[in-house]
Amino acid sequence: MELHQLTIHELHDKLADREISAEELASSFFSRINALEPKLRAFLTITEEKALKQAREVDKAGKYEGLTGIPFGLKDIFCTRGVRTTCASKILENFVPTYDSTAGRRLEEQGGILLGKLNMDEFAMGSSTEQSAFQSTCNPWDLERVPGGSSGGSAAAVAAGEVPFALGTDTGGSIRQPASYCGVVGLKPTYGRVSRWGVIAFASSLDQVGVFSRDIRDCALVLNIIAGKDPLDSTSVNLEVPDYTSFLDGEVRGMKIAYPREYFQQGVDEQIKTTVMQALRKFEAMGAIIDEVSLPHSEYALPAYYLVAPAEASANLARFDGVRYGLRDFEAQNVVDMYSQSRSQGFGNEVKRRIMLGTYALSSGYYDAYYLKALKVRRLIANDFDKVFADFDLIVSPTAPTPAFKLGEQTGDPLTLYMNDILTVPVNMAGLPGMSLPCGLVNGLPVGMQLIGKAFDEGTLFKAAYAFEQNTDYHKMRPVLGVK
Amino acid sequence: MGKEFEIVIGLEVHAELKTATKAFCSCSTAFGAEPNTQVCPVCSGFPGMLPVLNKKMVELAIRTGIALNSEIPEICKFDRKNYFYPDLPKAYQISQFDLPVCKGGYLDIEVDGQTKRIGITRAHMEEDAGKLVHQGDITTTPFSLVDLNRSGVPLLEIVSEPDMRSAQEARAYMEKLRSILLFAGVSDCKMQEGSLRCDANVSVRPVGQMEFGTRTETKNLNSFRSLEKSIEYEARRQMEAIEDGEEIVQETRTWDEEKQVTRSMRSKEEAHDYRYFPEPDLPPLKISREWVNTIAAQMPELPEQARRRLVEEYGLPEYDAAIITLNPDYLNFFDQCISSYKDAKLVSNWMMSELNRLLNQNNMEIGECRFKPADLVKILQLIDDGSISGKMAKTVFEEMFNSGQAPELIIKEKGMAQISDESTLINLIDGIIQDNPKVLEDYKNGKEKAFGFFVGQIMKASKGQANPGVVNKLLKERLSSSEM
Amino acid sequence: MALTIGEVEHVALLARLALSAEEKHTFAEQLGSILEYADKLTGLDTEGIEPLVNILPVFNVLRDDEVKPGSLREEILSNAPLLEEEQYKVPKII
C-alpha cells in the first residue's frame with residue numbers, strides 16, 4: 001500500500017522499524033499534496049520548509065514514539081506561531097500569530113509535523129467550505145461536489161490522503177458533516193474536553209476542537225494527546241483523560257443503543273435512512289440492544305442555534321476592527337468609518353449576515369424574545385438527551401440529511417444551507433460528544449452515521465465505532481479523484 | 001426667582017483593585033511603564049485568546065463588599081458589554097450585569113456634625129480599557145494613539161443610591177469610600193493615576209416633589225475638588241435651564257477642568273445599546289459562606305473601628321479621630337507615635353496642625369514623608385525636658401519635614417539647644433542686672449515693667465536660647481536676694 | 001416579514017458594518033426570513049425553564065495572582081496596520 005493510504009499507527013510502525021525516515025514521509029506527502037492541490041484546493045498555506053526541517057530534526061534524534069514524525073494538517077482557524085492564520089477571511093489575510101493553539105502545540109510536542117493550514121468556511125460559518133474568501137475545496141469523491149463544512153479542507157485532505165489526520169472545529173456540525181461527506185472519521189468531543197485556546201472563536205459556548213482520521217484507532221490516539229485540562233481555557237475541564245485506545249475491544253454486546261425517530265424524518269434522504277438503519281441492524285447482530293426513542297424538541301434546535309451562535313459570534317468577531325491586526329481601511333477620516341469600512345471590506349456575506357443576525361438578537365427590545373428564549377430552548381434540548389441517556393448508552397442517527405451536494409448548488413437561500421446542520425446542531429446545543437463514522441455509499445458518495453454519547457463518555461463512542469469498523473469495510477473505502 | 005430646588009446625586013466609583021496581575025491574564029498592573037510593554041495577546045484582544053480569572057481580584061471584591069456592609073450573593077457571573085472604541089481591544093468589556101459580586105450596602109458620612117447613611121446599590125467586577133492619547137495638538141491632529149498597558153486591569157465599580165443632596169455630601173461620600181477602600185487594602189485609590197475615578201449622576205427637583213428629575217452623568221472627575229465643583233456647576237445649570245423653561249436631556253457630560261464647566265458628550269451616534277449577554281468563556285463563581293467568612297476574618301481594621309478605638313482608648317475628640325482615620329497611613333503614623341509617647345491629644349494636635357499644613361503645602365501624602373513617627377516623638381520629648389521651646393520645636397519640625405534630618409542633629413547644627421543650666425544662666429542674669437542699676441532701682445520701687453525688661457535683655461543676650469521658665473525662676477530669686 | 005431598511009441600518013451601525021443600498025435590501029429580506037424561522041420558538045412553552053447559560057457544571061476556575069512576562073513589544077505590535085511611537089494609531093476620537 002502507498003504511504004498516503006496508511007493510518008497513523010501503520011505509519012508509526014514503518015518509522016519505528018526504520019523502513020522510512022520522517023523526512024521521506026513528509027516529502028512523500030508533499031509530493032502528494034503538490035499533485036492533488038490543483039484539483040482539490042484543500043490547503044490555504046503549505047509549510048513545506050518548516051515541516052522538512054522539523055522532520056530532519058526528528059530523524060536526527062532517532063526516537064519514534066507516539067506521533068513522532070507523523071504529518072498532520074490544521075484547519076486554518078488554529079493559530080500557528082509564525083505561520084499565517086487566516087480563518088479563510090480577507091480580514092486576516094496577512095495575520096501571523098505570535099502564539100500556538102494548545103491543541104496544535106500538544107501535537108507538535110508529541111513530534112507531529114504540521115504540513116499546512118486547511119481551507120474552511122470563513123470564520124467556520126458555513127456547511128460547504130464555499131464561504132472561504134480564497135477558494136472552494138472539492139470533494140475527493142466527486143470533484144464537482146462540496147466537501148461539506150465548515151472544516152471542509154480538513155475532511156478533504158484526510159480523505160484524499162494529503163495528510164494522515166487533521167484537526168478541525170465543530171460549532172454546529174463542522175467536523176461531523178464534512179466527515180460524512182468525505183467518508184472519514186470525524187469526532188467532536190464533549191464541550192470542555194479539548195482546549196479552545198488559540199482557536200479563533202465563532203460561538204464560544206458551542207465551539208469544540210476535534211479530529212479527522214482514517215480509522216477509529218487513529219482518532220483515539222489523537223484525542224489522547226489533545227484532550228485534557230488547559231489552564232489557559234477556563235472552560236476546559238479538569239477530568240482525567242482515559243486512554244481512549246483501551247476502549248477498542250470490538251465488543252458491543254449488551255450495549256443499549258437508541259435511535260431517535262425525529263432524526264429519521266426532517267427531510268432526511270431515504271437512502272441515507274436505509275443505510276443507517278442497516279448499520280443499526282449490524283449493531284444488533286453484534287449483540288447490542290437497539291430501540292427507537294424520541295427527542296421531542298429536536299425541531300427547535302436549529303432555530304435556537306441560529307440565534308445563540310450568531311449572538312456569540314457578533315461579539316467574538318467585534319475585535320476585528322483594523323486597529324491591532326488585520327485588514328484596515330486607510331481612507332477613513334473618523335473611527336466609526338474606519339471600523340465600518342475595514343469590517344465591510346474584510347468580512348464576506350455569510351459572516352456579515354450572521355453578525356447582523358446576532359446583533360439584532362441581542363439588541364435592546366429583542367433580547368428576551370430571541371436570545372433568552374433560545375437559551376431556554378437549549379435547556380429543553382439538553383433535557384431531552386438526559387432523559388434518553390438515563391436508559392441508553394449511545395444514540396445513533398444519520399450525520400447529515402443528504403450526501404455531498406454540488407458546488408454552487410446551495411449558495412442562494414441561506415436557510416436552505418442552514419438545514420444541513422439539522423442533525424448535528426442539537427449535539428452542540430447539549431455539549432455532548434458526537435462522531436461521524438462512514439457506514440456506506442449512496443450513489444457512489446460516502447454517508448456517515450452519527451454516534452452521540454453522554455458528556456465526557458467518548459470511550460463508549462470509540463467502543464461502538466471500533467466494533468462496527470471491525471465488522472465492516474467502510475473505513476477502507478478510498479476515493480479515486482475524479483468526477484462522478 | 002421662583003422655586004427652591006433640591007439636588008439629587010448618585011455616584012459611580014471605579015476603584016482599581018490592588019492586584020499584581022490583570023483581571024484575565026498574568027500581565028503586570030504596575031503603573032507608569034513604557035507604552036505597550038505590559039501586554040499580551042489576551043489583554044490586546046488577539047484572535048483565539050481566552051480569559052482566566054484572577055483569584056485575588058475576586059477576593060478583594062468580596063472584601064470590599066464586606067467593608068461596605070453588602071450582601072455577597074452565592075452565585076455571580078460575568079457578562080460581555082459590547083461597544084466599539086479603540087481602547088477596548090475585544091470591542092467588549094468583560095463586566096457583570098445582573099449577578100454582581102456585591103449587592104446592597106451602605107456607608108455613613110458626617111456633614112456639619114450630622115451623620116447620614118448613604119446606600120450602596122451594588123458593586124461589580126470588570127476590566128479597565130487601555131489609554132487613548134491624542135498625538136500632538138488636540139485641535140489639529142487627525143490621530144490618536146492607543147496604549148494597552150491598562151487594558152484588563154481589574155476594577156470594581158461601586159454604585160451608590162441617589163441619596164446625596166449636596167456637593168458637600170458627595171465629597172464626604174467619596175472621601176469616606178476612599179478611606180474604607182484604603183483601610184481594607186483593596187485599592188491604592190490614587191486619583192491622579194486614575195486608580196480611583198468617579199462619575200456623578202446629578203438631577204434637580206423642586207423641593208417637595210417626589211419624583212426625581214431627569215439626570216445627567218458627568219464623567220472624568222478625578223479629584224475631590226472637581227467632583228464638588230462639577231456637581232455645583234451641573235446643578236446650577238439644570239436649575240437655570242428649568243427656570244428658563246428648558247427640558248433637561250438625559251445625557252453623558254464631561255467636566256472641563258480648565259473652564260470649570262460640564263459639557264455634553266452627545267454625538268450623532270446611536271444611543272448606546274450594550275447588548276449585555278453572559279460571558280461564555282468564564283464559568284460562574286460559587287461563593288461559599290466559608291470563603292466569605294475567611295475573607296471577613298482577615299479584614300484589616302476599618303475606619304469606623306479605628307475611630308472608636310481612638311476615642312475610647314486615647315480619649316481623642318471625635319473630630320480628631322475622624323481626621324486621623326481618613327487614611328490608614330495617617331492612622332499608622334499616629335499609632336506608631338502613641339506606642340512610645342503617651343499624650344495622644346498632643347500627637348493629634350501636631351499631626352493636624354503642623355504636619356497637615358506642611359503636607360498640604362507640599363502636596364504630599366503622609367507615606368512620602370522623609371521622617372519617622374519616632375522623630376516627632378523625639379521633638380515632643382525635647383519640649384517636655386525643656387531642651388527646646390515649643391516655638392523652636394516648630395522650626396525644627398519644619399526643617400525635619402524638608403530635610404529628613406534627625407531633630408537632635410538639626411538642633412545641634414543650628415545651635416538651637418535651650419540653655420537651662422542654672423549656673424550659666426545665673427552668670428548671665430547677674431551681668432544684666434549689674435549693667436542696669438537704674439532699672440534695678442525701678443524694680444525695687446515696685447515697677448513691674450522692669451522685670452519684663454530684664455527677661456527681654458536676658459533672652460537677647462542668650463540669642464533666644466535661654467529656657468524662659470528657668471530664667472523667670474532664677475531672675476526672681478536673684479532680684480529678691482538682698483545683695484543686689 | 002422583512003426588516004425595515006431603518007432596522008437594518010441601526011443594526012449595521014451597532015455592528016460597525018458599512019452596507020451598500022443593495023446589501024441593506026438583501027439583508028432586510030434574508031434576516032426577515034431567518035427571524036421568521038426563529039419565530040417557531042415563540043410557540044414553544046418555556047414557562048419556568050431556566051435558560052441554559054453554562055453547559056458545564058464547572059465553577060470557580062481561578063488563577064493565582066502571579067505576574068508572568070507578557071509579549072515582547074515588537075512582537076505583539078508586528079501585526080499592526082499603523083503604528084506610531086510604539087502605539088496603535090487610529091483616526092482621532094473627538
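Chain A is the first sequence line, chain B the second, and so forth, proteins listed ahead of strands; every chain is numbered from 1.
Only the backbone of A:N94 comes within contact range of chain C, with heavy atoms under 4.5 Å apart. Heavy atoms of C:V90 lying under 4.5 Å from chain A belong to its backbone as well as its side chain. For A:R354, no part lies under 4.5 angstrom from a heavy atom of chain C. The contact between A:A332 and chain C is made entirely by backbone atoms, counting heavy-atom distances below 4.5 Å. Contacts of A:L415 with chain C are made by side-chain atoms alone, with heavy-atom separations under 4.5 Å and no backbone atom involved. Contact annotation for A:F347: only side-chain heavy atoms (C-beta onward) come within less than 4.5 Å of a heavy atom of chain C. Only the side chain of A:M338 comes within less than 4.5 Å of a heavy atom of chain C; its backbone N, CA, C and O stay farther away.
For the pair C:L17/A:S340, no side-chain contact is recorded, criterion being any heavy-atom separation below 4.5 Å from C-beta on. Looking at C:L35 and A:Y370, their side chains come closer than 4.5 Å, going by heavy atoms from C-beta outward. With a 4.5 Å cut-off on side-chain heavy atoms, A:M356 and C:Q30 do not count as touching.
A:S344 contributes a side-chain N or O that, together with a main-chain N or O of C:A18, makes up a donor-acceptor pair within less than 3.5 Å. At least one donor-acceptor pair closer than 3.5 Å links the side chain of A:R379 to the backbone N or O of C:P51. A donor-acceptor pair under 3.5 Å is formed between the side chain of C:N79 and the backbone N or O of A:V96.
If you take OH on C:Y88 and CZ on A:R328, they are separated by 12.0 Å, rounding to the nearest 0.5 Å. Summarising the geometry, atom OG1 belonging to C:T26 is positioned 8.0 Å from atom CG belonging to A:N349; distances are rounded to the nearest 0.5 Å. The structure places NE2 of C:H10 at 7.5 Å from OG of A:S364, a figure rounded to the nearest 0.5 Å. Once rounded to the nearest 0.5 Å, the distance linking CD1 of C:I55 with CE of A:M429 reads 8.5 Å. Separation of atoms CG (C:L31) and OG1 (A:T359) is listed at 9.5 Å; rounding is to 0.5 Å.
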Item checked: Evaluation steps, side-chain contact (heavy atoms from CB on, under 4.5 Å), between A:Y360 and C:L14 -> CA-CA 9 Å; A:Y360 185 85; C:L14 281 177; over 6 Å; no
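Residue pairs meeting the salt bridge (charged side-chain N to carboxylate O under 4.0 Å, His left out) criterion with at least one partner in residues 38-61 of chain C, sequence neighbours excluded, are A:E299-C:K40.
For the options A:V323, A:L380, A:I355, heavy-atom pairs under 4.5 Å to chain C are most numerous at A:V323. In terms of heavy-atom pairs under 4.5 angstrom with chain C, the leader among A:L302, A:L372, A:D413, A:T235 is A:L302. Ranked by non-hydrogen atom pairs under 4.5 Å with chain A, the options C:L44, C:L82, C:L83, C:N54 are led by C:L44. Taking chain A as the reference chain and counting heavy-atom pairs below 4.5 Å, the highest number among C:S20, C:A15, C:A38 is found for C:A15.
For NZ of A:K90, the number of neighbouring non-hydrogen atoms (other residues, nucleotides, ligands) closer than 6.0 Å is 12 at most.
Residues from residues 59-78 of chain C that place a non-hydrogen atom less than 4.5 Å from a non-hydrogen atom of chain A comprise C:V61, C:E75, C:S78, given in numerical order. Heavy-atom neighbours of chain C within the stretch residues 303-321 of chain A, taken at a separation under 4.5 angstrom, comprise A:P303, A:A304, A:L307.
A donor and an acceptor atom, one from each side chain of C:T46 and A:K373, are located under 3.5 Å apart.
Scanning for ring pair (Phe, Tyr, Trp, His ring centres under 6.0 Å) contacts around A:Y371 gives A:Y367, B:F277, with sequence neighbours left out.
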